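Keep in mind it's a predicted model, so treat the numbers as computed, not measured. In this chain, residues are counted from 1 in sequence order.
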Amino acid sequence: MLKVVLFDLDDTLVDQEGASRTALLDWLPELGLDHDDPEELVTAWGGIAEDAYARYQRREITFLEQRRVRVREFLGADATDDEADELFSGYLSRYQRAWAAFDDAVPALRRVRDAGLVVALLTNGDAVHQRLKLDRTGLSAHVDVVVASDDLPAGKPDPRAYTVTCEVLGAAPGDVLMVGNDVEKDFQGPLDAGLAAVLLDRYDRYPEVEDRIRTLDEVPLAA
């Protein structure tokens, strides 16, 4: 029996990809980077960020260190910690200003609550950073429980991320539905851990996945 709908945050409820792109393009002139194809730099930054964040999730580096890695690799610079922190702050301030919830996020969270279900969040991120994101996008008031990966033995898609989250929620895995945009972290991972899951595929990237939805308006509330 469905009791909890467990949402991912970045690129599920909040347009993280759009915020990152906007921030980077505005940050480039401050760095003195003039490039014929800015989108190439956006792609490069995204790849570096993904790799560094994966290292953070594997507990190889801290949340702060993954930011420094991103700056050093993107600029090809041997910056000190203080220099890397200062440089990253130029991106971070712009990134935070660009945070915005998707239009379907709040209505979906309200619909889940109106159905008498618990609205929970499982995010692969720093708890303080992600809670700030929830506050600034107006989502905090619509979420009952927030679980961040730094509160867990490991992040998604490690099975412990889902099983420990279910323990925190006081719910059996079979009573929890995971909704998110990442095939591995938000769909296959939770399925393997015994949860129900649907993939949010806003941009039609995964037509081969049967259990997918295109908007949060389609979140199933019966299982």
Side-chain angles (χ1 to χ4, degrees), residues 7-102 105 121-140 143 146-158 160-161 165 180-182 184-186:
F7 291 90
D8 171 53
L9 179 57
D10 291 323
D11 291 318
T12 296
L13 299 177
V14 172
D15 185 6
Q16 191 280 144
E17 187 175 316
S20 179
R21 179 183 182 279
T22 296
L24 183 67
L25 291 175
D26 191 53
W27 185 42
L28 292 177
E30 182 177 295
L31 298 174
L33 292 179
D34 185 15
H35 200 279
D36 292 336
D37 184 4
E39 293 300 329
E40 185 176 324
L41 294 178
V42 171
T43 300
W45 175 257
I48 291 168
E50 184 175 352
D51 290 345
Y53 213 77
R55 291 181 61 194
Y56 158 60
Q57 290 302 321
R58 294 193 299 267
R59 307 297 192 261
E60 295 173 7
I61 55 177
T62 67
F63 184 69
L64 183 58
E65 286 168 344
Q66 63 85 26
R67 290 177 169 178
R68 294 166 178 164
V69 167
R70 289 158 66 182
V71 168
R72 289 169 180 145
E73 292 191 8
F74 183 67
L75 297 178
D78 189 21
T80 67
D81 287 352
D82 287 345
E83 290 169 341
D85 292 344
E86 178 64 25
L87 285 165
F88 190 85
S89 69
Y91 166 79
L92 181 61
S93 60
R94 293 169 169 86
Y95 174 56
Q96 291 179 343
R97 287 197 299 270
W99 284 340
F102 286 107
L121 189 77
L122 174 58
T123 174
N124 264 9
D126 174 81
V128 173
H129 181 72
Q130 298 296 65
R131 286 181 183 278
L132 177 63
K133 190 179 296 177
L134 288 168
D135 289 343
R136 292 199 177 180
T137 56
L139 294 174
S140 291
V143 177
V146 177
V147 181
S149 61
D150 59 351
D151 298 323
L152 300 169
K156 302 178 288 184
D158 188 295
R160 292 171 294 174
T165 295
N181 69 294
D182 188 286
E184 184 179 13
K185 300 182 182 77
D186 303 319

Once rounded to the nearest 0.5 Å, what's the spacing between atom [atom1] of [X] and atom [atom2] of [Y]?
{"X": "L121", "Y": "L13", "atom1": "CG", "atom2": "CG", "result": "6.5 Å"}
{"X": "L87", "Y": "D82", "atom1": "CG", "atom2": "CG", "result": "11.0 Å"}
{"X": "L31", "Y": "Y91", "atom1": "CG", "atom2": "OH", "result": "12.0 Å"}
{"X": "L122", "Y": "Q130", "atom1": "CG", "atom2": "CD", "result": "10.5 Å"}
{"X": "R160", "Y": "T165", "atom1": "CZ", "atom2": "OG1", "result": "12.0 Å"}

Residue pairs meeting salt bridge (charged side-chain N to carboxylate O under 4.0 Å, His left out), one or both in residues 128-139, sequence neighbours left out, come to D10-K133
Is the backbone N or O of G90 less than 3.5 Å from a side-chain atom of R94, with the two atoms forming a donor-acceptor pair by type?
yes
Between Q96 and S93, is there a donor-acceptor pair closer than 3.5 Å when you use the side chain of the first and the backbone of the second? no
Under the side chain to side chain contact (heavy atoms under 4.5 Å, CB included) test, residues paired with [X] that sit two or more places apart:
{"X": "A19", "answer": "Y95, A98, W99"}
{"X": "A100", "answer": "none"}
{"X": "D11", "answer": "D15, Q16, E17, N181"}

Test salt bridge (charged side-chain N to carboxylate O under 4.0 Å, His left out) applied to [X] - qualifying residues, sequence neighbours left out:
{"X": "R97", "answer": "none"}
{"X": "D81", "answer": "R68, R72"}
{"X": "R21", "answer": "E39"}
{"X": "E60", "answer": "R55, R58"}

Heavy-atom pair of closest approach, residues [X] and [Y]:
{"X": "Q57", "Y": "G125", "result": "NE2-N, 3.9 Å"}
{"X": "L139", "Y": "L9", "result": "CD1-CD1, 4.4 Å"}
{"X": "S149", "Y": "G155", "result": "CB-CA, 3.7 Å"}
{"X": "K185", "Y": "K156", "result": "O-CD, 3.6 Å"}
{"X": "A161", "Y": "A154", "result": "CB-O, 3.5 Å"}
{"X": "R70", "Y": "A49", "result": "NE-CB, 3.5 Å"}

Residues that [X] engages under ring pair (Phe, Tyr, Trp, His ring centres under 6.0 Å), provided they are two or more places apart:
{"X": "F7", "value": "none"}
{"X": "F74", "value": "W45"}
{"X": "Y53", "value": "Y56"}

Measuring only between side-chain heavy atoms, which start at C-beta, is [X] closer than 4.5 Å to [Y]?
{"X": "D182", "Y": "D8", "result": "no"}
{"X": "D158", "Y": "L152", "result": "no"}
{"X": "D51", "Y": "V69", "result": "no"}

Do D150 and V128 pass the side-chain contact (heavy atoms from CB on, under 4.5 Å) test, and can you show the C-alpha distance, the side-chain angles, and the key distance before you say yes or no? CA-CA 10 Å; D150 59 351; V128 173; over 6 Å; no
Sorted by chain and number, sequence neighbours left out, side chain to side chain donor-acceptor pair (under 3.5 Å) with E73 holds for none
